[in-house]
Amino acid sequence: MRWTKTLIPTLKEAPAEAEIISHQLLLRAGLVRKLAGGLYTFLPMGLRVLRKIEAIVRQEMDGAGACEVLMPALQPPEIWRQSGRYEQAAQVLFKVRDSSQREWLLGPTHEEVITSLAASEINSYRQMPVTFYQIQTKFRDEIRPRFGLMRAREFLMKDAYSFDISDEAAQASYQKMYDAYVRIFGRCGLKAFPVEADTGVMGGKFSHEFMVPAQTGECEVAYTEDGQYAANLEKAASRGPLTPAPALAEQPLEQFPTPGVRTIEDLAAAPYHTPGHLQIKTLVYLAEGKPVLLLLRGDDSLNEAKAAAALGTGVFRPATAEEIASLMGAHPGSLGAVGFDKARVLADEQLRGASGMTTGANVDGFHFRHVCVSRDIPAAVWKDLRTVREGEESLHGPPLKIRRAIEVGHVFKLGTKYSEAMSATFLGVDAQRRPLVMGCYGMGITRTLQAIIESSHDQNGIIWPIAVAPYAVCLTPLSASAESEVMQVSERLYAQLGAAGVEVIMDDRDERPGVKFKDSELVGFPLRIAVGEKSLNQGMVEFCPRGGTKELVPVDAIIGRTLEFLRA
RNA sequence: CGGGCCGUAGCGCAGACUGGUAGCGCGUCUGAAUGGGGUUCAGAAGGUCGCGGGUUCAAAUCCCGCCGGCCCGACCA
């Protein structure tokens, strides 16, 4: 490819809309352009990278025994009603109507479609195990598209779905995909690591997310340095807070006035001097419309993913101030569960056995002290509700650390959630009809592209791993005039590199060397071969690996040197 | 959906408070010089100042409404 024949609109300055470095570089290097919030056009360089990632994914999926299909992006709402996700996922579903006002959905994912396919086509245990995958544009009505391709409304995703006759067999399919993911991210030059994850709206038994460490990531991961444990913060568990819950001698419950106290901090300050870990925090939520109290230690914070699991539903929200007042008879700041029986009470495990605690008296301006949780709040059901904190002991001992990361893949062991809902069954060896046992395996292709940039760049631009670079080599003649020796040698090298199977782009623009150097580094080609008069006079051209050191190589040795570099 | 900020040339921004002929840098085009790290000089093109209404002799500027964008939060398969 010749630079003048393609479109690489590089930018000196980063557009104001780009907050994080990878988003800025996507735009500055001319990989994509925004059409509207969360909608991007892929320009030639960006598209080539996307295709490279896709090719790696296809190779590894095929290698893992999966077979490719392509499913419609437009889907009938009926199958989403069948699976129960029409309401569950309503917030992210794009809905459209055809000319006769019939409703359709733009698929955010394809469990329903593949399950309905499996329901009709897979009938016997002889047809399994089988795994299908597809690479498709998916749509999500994101509340807030953000960070370029990281959180877009339309994005490219690889999804795979496995079907098995039993849990054990499904586990094997899951493991194959898990292994394939490790290889895919490795080939993309990403240090992605698996973490235990919450299954969320997908449902299912358990799941792993593949995370790329990045300060700008939207996820938080708790892990131990020995590599034995890593989990999404939504899921992470520990042995509990560093300051243990008190187990003081029981004393009679005592109400005392606390005028003006609204927060945990207020009560921790003078004149009360009751630190957060000696307080009980009372949160009022509405789960599927019904009130429920969630109790935590004063210094702990609620983990909503765990709350969803404890409540058995994802449909819940904090109660409003008015709802709280009418239910409790008191306002936030003075709430408590002592003697309360008008709603379910879920208490965090850390409160089990706690005594000598302080909590709101459910009367504005008053609190209770000497609360013994088991004695005074007997209705409480114990659940894990808290978010772990850095430094706490992990379940196997070493302290937890927390870091931010980008989620690039998510694999789920689904079980029979979808197959049961959609009557996808098969006949086993014993002639018994059973639901298919499923797994699903998502990978954000466009997000992976951006994650590579986020984790591989310097102050001059992107540094593409060879495996996904738009072109492996940027051939850079430092003169554009066709008669010059520089250009003639460049043309010859261009032809020879092409013949040797090297993906090469020649910067044939009539630009000054500085401009060409800056652009090739911004776009991030792994290798630049500069042909200039100075070195050519000594029979040399310049071999400049991106981010490495320049060396002079004789003209007739450069093809060999290049092939050697690309193989390494 | 709540809170905050912003919409002026392709991009980045000034002008607004204090109303009075639309500006700067980058980019683009022309010419010249230059020719190994975003070079220099001269010239040019390019703007319904987001949209609608109001106040005023006069609105990019003040007021009201709408639309769009960004940030924080809620949400996130």
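The structure displayed is predicted, hence computed values, not measured ones. Throughout, protein chains are lettered first and strands after them, A, B, ... in sequence-line order, and every chain is numbered starting at 1.
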- line: Mate of B:G7 across any strand shown (Watson-Crick or G-U wobble, both atom pairs under 3.5 Å) is B:C67

- request: Taking atom C1' in both B:A14 and B:C24, compute the distance separating them and give it to the nearest angstrom.
  value: 7 Å

message: Does the protein touch nucleotides 26-35 of chain B at the base, only the backbone, or not at all? Give it as B, S and - per nucleotide, heavy atoms under 4.0 Å.
response: SS------BB

Who pairs with B:G73 - Watson-Crick or G-U, where each distance is under 3.5 Å: B:C1

- prompt: Looking at the rings of A:Phe132 and A:Tyr161, which for Trp means the six-membered one, are their centres under 6.0 Å apart?
  reply: no

message: In this structure, how many angstroms lie between the P atom of B:G69 and the CZ atom of A:Arg151, rounded?
response: 17 Å

field: Within 45° cone of A:Tyr86 ring axis and under 6.0 Å: A:Lys95 NZ or CZ
entry: yes

- prompt: Taking all non-hydrogen atoms of both residues, which atom of A:Pro470 and which atom of A:Val523 are closest, and how far apart?
  reply: CG-CG1, 4.5 Å

task: Would you name the heavy atoms of A:Gln136 and A:Pro72 that are closest together and state the gap between them?
output: NE2-C, 3.5 Å

- request: Taking atom P in both B:C1 and B:A44, compute the distance separating them and give it to the nearest angstrom.
  value: 49 Å

Distance, P atom - from B:G25 to B:G43, rounded to whole angstrom: 12 Å

Atom P, compared across B:C63 and B:C6: separation rounded to whole Å: 13 Å

- request: For A:Glu304 and B:A74, give me the distance from atom CD to atom C1', rounded to whole Å.
  value: 8 Å

query: How far apart are the C-alpha atoms of A:Phe210 and A:Phe185, what are their side-chain angles, what is the distance that settles it, and do they pass the ring-ring contact (aromatic ring centres under 6.0 Å, His included) test?
result: CA-CA 9 Å; A:Phe210 284 81; A:Phe185 292 122; 5.8 Å; yes

- prompt: Checking all strands, does A:Gly532 fall into the base, sugar-phosphate, or nothing category for heavy-atom contacts under 4.0 angstrom?
  reply: base

- request: Between A:Lys34 and A:Pro108, just flag the one whose closest nucleotide in RNA chain B comes earlier from the 5' side.
  value: A:Lys34

field: Pairs where residues 27-43 of chain A contributes a residue and the test side-chain hydrogen bond (donor to acceptor under 3.5 Å, both in side chains) is met, not counting sequence neighbours
entry: A:His23-A:Tyr40

query: Checking all strands, does A:Arg33 fall into the base, sugar-phosphate, or nothing category for heavy-atom contacts under 4.0 angstrom?
result: nothing

message: With rounding to the closest Å, how many angstrom separate the C1' atoms on B:A74 and B:G4?
response: 15 Å

query: Would you say A:Ile135 and A:Arg58 make side-chain contact, with heavy atoms under 4.5 Å?
result: yes

Results of side chain to side chain donor-acceptor pair (under 3.5 Å) for A:Lys158 - residues two or more places apart only: A:Tyr181

- prompt: When you measure from the side chain of A:Ser535, which nucleotide among B:G37, B:G36, B:A74 comes out closest?
  reply: B:G36

query: In whole Å, what separates the C1' atom of B:C62 from that of B:U56?
result: 10 Å

All N/O donor-acceptor pairs, side-chain side in residues 404-411 of chain A, below 3.5 Å, sequence neighbours left out:
residue  : atom : partner  : partner atom : Å
A:Arg404 : NE   : A:Gly217 : O            : 2.8
A:Arg404 : NH2  : A:Gly217 : O            : 3.1
A:Glu407 : OE2  : A:His410 : ND1          : 3.2
A:His410 : NE2  : A:Ser207 : OG           : 2.9

- prompt: Under 4.0 angstrom, heavy atoms only, what part of the nucleic acid is A:Pro15 near: base, sugar-phosphate, or nothing?
  reply: sugar-phosphate

query: When all nucleic acid strands are considered with a 4.0 Å heavy-atom cut-off, which category describes A:Glu521: base, sugar-phosphate, or nothing?
result: base

- request: Specify the separation, in whole Å, of atom CG of A:Leu283 and atom C1' of B:A74.
  value: 15 Å

query: So what does A:Arg317 touch, heavy atoms closer than 4.0 Å: a base, only the sugar-phosphate, or nothing?
result: nothing

message: Let's test this: given Watson-Crick or G-U wobble pairing with both distances under 3.5 Å, identify the partner of B:G46.
response: none

statement: Whole-Å distance, A:Glu142 CD to B:C70 C1', equals 17 Å

- line: From CG of A:Asn537 across to C1' of B:G36 the rounded distance in Å is 13 Å

Interface polar pairs with nucleotides 71-73 of chain B, N/O, under 3.5 angstrom:
residue : atom : partner  : partner atom : Å
B:C72   : OP2  : A:Arg144 : NH1          : 3.2
B:C72   : OP2  : A:Arg144 : NH2          : 3.0
B:C72   : OP2  : A:Arg146 : NH1          : 3.3

Interatomic distance where CZ belongs to A:Arg528 and P belongs to B:G37 [whole Å]: 11 Å

message: Taking pairing as Watson-Crick or G-U wobble with both contacts under 3.5 Å, can you name the mate of B:A58, or confirm there isn't one?
response: none

query: What is the distance from NZ of A:Lys518 to P of B:G36, rounded to the nearest Å?
result: 16 Å

message: Looking at A:Leu385, is its backbone amide N or carbonyl O close enough to the side chain of A:Asp348 to form a donor-acceptor pair, meaning the two atoms are under 3.5 Å apart?
response: yes

- request: Remember a base hit wins even if backbone is also touched, and classify A:Lys550 as base, sugar-phosphate or nothing at under 4.0 Å, heavy atoms.
  value: base

query: Are A:Met61 and A:Ile184 side-chain neighbours, meaning at least one heavy-atom pair lies under 4.5 Å?
result: yes

Hey, what are the protein-to-nucleotides 4-10 of chain B N/O distances that come in under 3.5 Å?
none

query: For A:Ser479 and A:Met487, which heavy atoms make the closest approach, and how far apart are they?
result: O-SD, 3.6 Å

task: On RNA chain B, check which nucleotide each of A:Gly37 and A:Phe316 is closest to and give me the residue with the more 5' one.
output: A:Gly37

task: Might you point out which heavy atoms bring A:Lys516 and A:Glu511 nearest each other, and give the distance in Å?
output: CE-O, 3.6 Å

- request: Answer yes or no: is there a side-chain heavy-atom contact under 4.5 Å between A:Phe543 and A:Leu527?
  value: yes

- request: Whole angstrom is fine here: how far is it from NE2 in A:His410 over to C1' in B:C76?
  value: 12 Å

B:A32 pairs with, by Watson-Crick or G-U criteria that keep both distances under 3.5 Å: B:U40

query: Are A:Leu233 and A:Ile402 side-chain neighbours, meaning at least one heavy-atom pair lies under 4.5 Å?
result: yes

- request: Would you classify A:Ser479 as touching base, sugar-phosphate or nothing, given that sugar-phosphate means primed atoms plus P, OP1 and OP2, and contacts are heavy atoms under 4.0 Å?
  value: nothing

query: Which whole number of Å gives the distance between the C1' atom of B:A60 and that of B:A33?
result: 40 Å

statement: Partner of B:G23 under the Watson-Crick or G-U wobble criteria, both distances under 3.5 Å, comes out as B:C13

field: Span that lies between the P atom of B:G27 and that of B:U40, in whole angstrom
entry: 9 Å

- request: Classify the nucleic acid contact of A:Ala36 as base, sugar-phosphate or nothing, counting any heavy atom under 4.0 Å across all strands shown.
  value: nothing

